[in-house]
Number of protein chains: 2
Amino acid sequence: MAVEGTTGRVTKRRVRTRANLLEAAFAVFAAKGFGRVSIEEVCEAAGYSRGAFYSNFGSLDELFFALYAERAGLIADQVAGALALDGPDLDVPAAVDRVTEVLLLDLDWLLVKTDFLVHAARDPAVAQTLLEHRERLRRAVADRLARAAGHTELPVVLGGAEGAAHAVIAAYDGVTTRLLLDKDVEHARAWLKQLLTALLTDGSDNPAARSGG
Amino acid sequence: MAVEGTTGRVTKRRVRTRANLLEAAFAVFAAKGFGRVSIEEVCEAAGYSRGAFYSNFGSLDELFFALYAERAGLIADQVAGALALDGPDLDVPAAVDRVTEVLLLDLDWLLVKTDFLVHAARDPAVAQTLLEHRERLRRAVADRLARAAGHTELPVVLGGAEGAAHAVIAAYDGVTTRLLLDKDVEHARAWLKQLLTALLTDGSDNPAARSGG
DNA sequence: TGTATCCGATACATCGATGTATCCAAAGGG
DNA sequence: CCCTTTGGATACATCGATGTATCGGATACA
């Protein structure tokens with residue numbers, strides 16, 4: 001049982017096992033989808049028996065949740081880093097480029113993340129967690145856009161930096177959906193940059209337009 | 001066996017059964033998610049035995065595919081209708097409103113559609129079908145936008161009516177993702193309209209901006 | 001209305017996944 | 001270096017889902 005009673009000991013072996021299981025699970029989930037993966041498969045991929053699994057997790061859902069939390073945290077840090085990277089120069093287009101690279105880096109992650117979305121869509125508690133994670137991301141973007149106010153003005157329709165940040169997330173989600181189908185990461189990045197440019201500029205200082213397909 | 005050999009007879013009963021199975025499956029899929037539904041459950045919900053199922057479908061995947069094709073076709077028709085509705089007056093904002101109502105009508109459909117996306121993301125053949133359906137939708141939007149050229153000018157960044165139509169789809173997908181988590185259809189509609197307005201206008205003739213959360 | 005055909009129900013055999021109980025090995029503390 | 005505690009392996013019992021083979025009632029058509 002993966003109970004959290006009184007923390008008897010930390011045990012180096014345990015954390016290794018847990019990490020291995022999570023890593024293997026990521027690969028298996030990405031390849032086959034959460035709904036089509038058995039506990040057995042995860043264990044086999046990780047090189048453990050089911051005993052190890054039940055010693056670390058109570059269910060496949062629990063593992064999935066832990067996996068999501070871990071990876072989502074990493075991404076959030078990377079995005080925050082990419083946004084904080086330029087101190088006082090406040091170059092929005094450059095920030096857009098960097099964030100785009102981070103967000104559309106790993107197709108496997110997008111697959112797992114979408115599985116998790118589907119999962120969350122039917123479990124309010126999970127949905128809450130996912131919404132909170134998204135809100136952290138959005139906060140970072142909104143703050144960054146607010147810092148840039150004056151240098152680049154945002155379209156009024158969106159309602160300031162807060163609304164614009166929502167739009168950035170929506171664009172990300174929209175491009176992700178498409179990317180899951182055509183698997184063309186480079187194109188998706190270009191397209192996301194283009195979309196964000198269209199959303200975040202007032203239509204005055206446009207860079208060159210591309211084909212957009 | 002659900003074989004399509006030589007069409008022996010049509011049999012009224014058969015089509016009813018098939019339709020009932022599809023309808024029940026829709027409800028069950030929406031409620032529990034494709035990955036967590038058994039053939040048995042679908043049959044029970046429809047009031048049939050598993051014999052009826054295997055007589056009409058070869059697998060749950062096959063049924064799921066048929067279900068998606070059917071419903072997606074309906075939606076596509078509705079969207080095309082909403083776009084064609086105004087003949088020569090070419091009022092883009094009004095068209096945006098109508099299409100938004102249609103696209104964000106039924107939360108259950110969005111749930112099933114997202115399940116299907118996840119499914120397609122791991123099966124190139126299915127992905128192809130989904131991409132084709134999306135392309136039909138996009139075509140309708142692009143044509144409509146092209147018709148409106150001159151009345152409302154599009155931002156150059158997006159690359160004409162074609163690019164703008166891509167953006168419309170992306171916005172729809174982005175808003176859908178959020179909607180799956182917060183389940184607030186009314187808010188999603190307002191937000192999608194706002195997004196589309198921001199995308200499709202050049203920032204000149206903005207209507208009033210809203211809070212955007 | 002008779003009859004050939006079709007459709008769906010039932011029963012059965014099988015398989016895979018789950019969870020648990022028990023046992024052996026490996027850490028870590030003294 | 002022993003010995004207690006912890007972690008993971010093995011074996012087992014069970015359950016649910018799948019697919020198929022077969023049977024009886026319904027349906028279409030003459």
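So you know, we letter chains A, B, ... as the sequences are listed, proteins then strands, and number each from 1.
Not one N or O on the side chain of T11(B) forms a donor-acceptor pair closer than 3.5 Å with the backbone of R14(B).
Remark: N56(B) is in phosphate contact with dG8(C), judged by side-chain N or O atoms under 4.0 Å from OP1 or OP2. Phosphate proximity of dT27(D) to T11(B): absent, as no side-chain N or O sits under 4.0 Å from OP1 or OP2. Between Y48(A) and the phosphate of dG8(D), there is no side-chain N or O to OP1/OP2 separation shorter than 4.0 Å. Phosphate proximity of dG8(C) to S55(B): present, with a side-chain N or O under 4.0 Å from OP1 or OP2.
Note: CZ (F57(A)) to P (dG19(C)) measures 14 Å, nearest angstrom. Y54(A) has its OH atom 3 Å from the P atom of dG19(C), to the nearest Å. To the nearest angstrom, P of dT18(D) lies 11 Å from CG of D61(B). The separation between R13(B) atom CZ and dT5(C) atom C1' is 11 Å, rounded to whole Å. Rounded to an integer number of Å, the gap from CZ of F53(B) to C1' of dT20(D) is 14 Å.
Taking the side-chain hydrogen bond (donor to acceptor under 3.5 Å, both in side chains) definition, one finds that E40(B) meets it with R50(B), sequence neighbours left out. Q78(A) pairs by the side-chain hydrogen bond (donor to acceptor under 3.5 Å, both in side chains) definition with nothing, not counting sequence neighbours.
Distance from the side chain of R14(A) is smallest for dG8(D) among the nucleotides dG8(C), dG8(D), dC6(C). Each of dT18(C), dG19(D), dG8(C) was ranked by its minimum atom distance to the side chain of R50(B); first place goes to dG19(D). Closest approach to the K12(A) side chain among dG8(C), dG28(C), dG8(D) is made by dG28(C) (side chain taken as heavy atoms from C-beta onward).
Remark: E44(B) CD is loosely packed, at most 12 non-hydrogen atoms of other residues, nucleotides or ligands lying under 6.0 Å away. Counting non-hydrogen atoms of neighbouring residues, nucleotides and ligands closer than 6.0 angstrom, the CD atom of E101(B) exceeds 12 such neighbours.
The rotation axes computed at either terminus of the helix from dT1(C)-dA30(D) to dG30(C)-dC1(D) lie 30° apart, taking five pairs at each end and rounding to 10 degrees.
Atom CG in L181(A) sits 8.5 Å away from atom CG in D173(B) (nearest 0.5 Å).
Within the structure, side-chain hydrogen bond (donor to acceptor under 3.5 Å, both in side chains) contacts touching residues 123-133 of chain A (residues at least two apart or in different chains) are Y68(A)-H133(A), Q128(A)-E132(A). For the ring-ring contact (aromatic ring centres under 6.0 Å, His included) condition, the pairs that include at least one residue of residues 31-50 of chain A, sequence neighbours left out, are F29(A)-F34(A), F34(A)-F64(A), F34(A)-H119(A).
Contacts between residues 20-44 of chain B and DNA chain D, defined by a heavy-atom separation below 4.0 Å, involve S38(B), I39(B), E40(B), listed by number.
Residues F57(B) and L22(B) meet the side-chain proximity criterion, which asks for heavy atoms closer than 4.5 Å.
Between R16(B) and S59(B), it is S59(B) whose nearest contact on DNA chain D lies nearer the 5' terminus.
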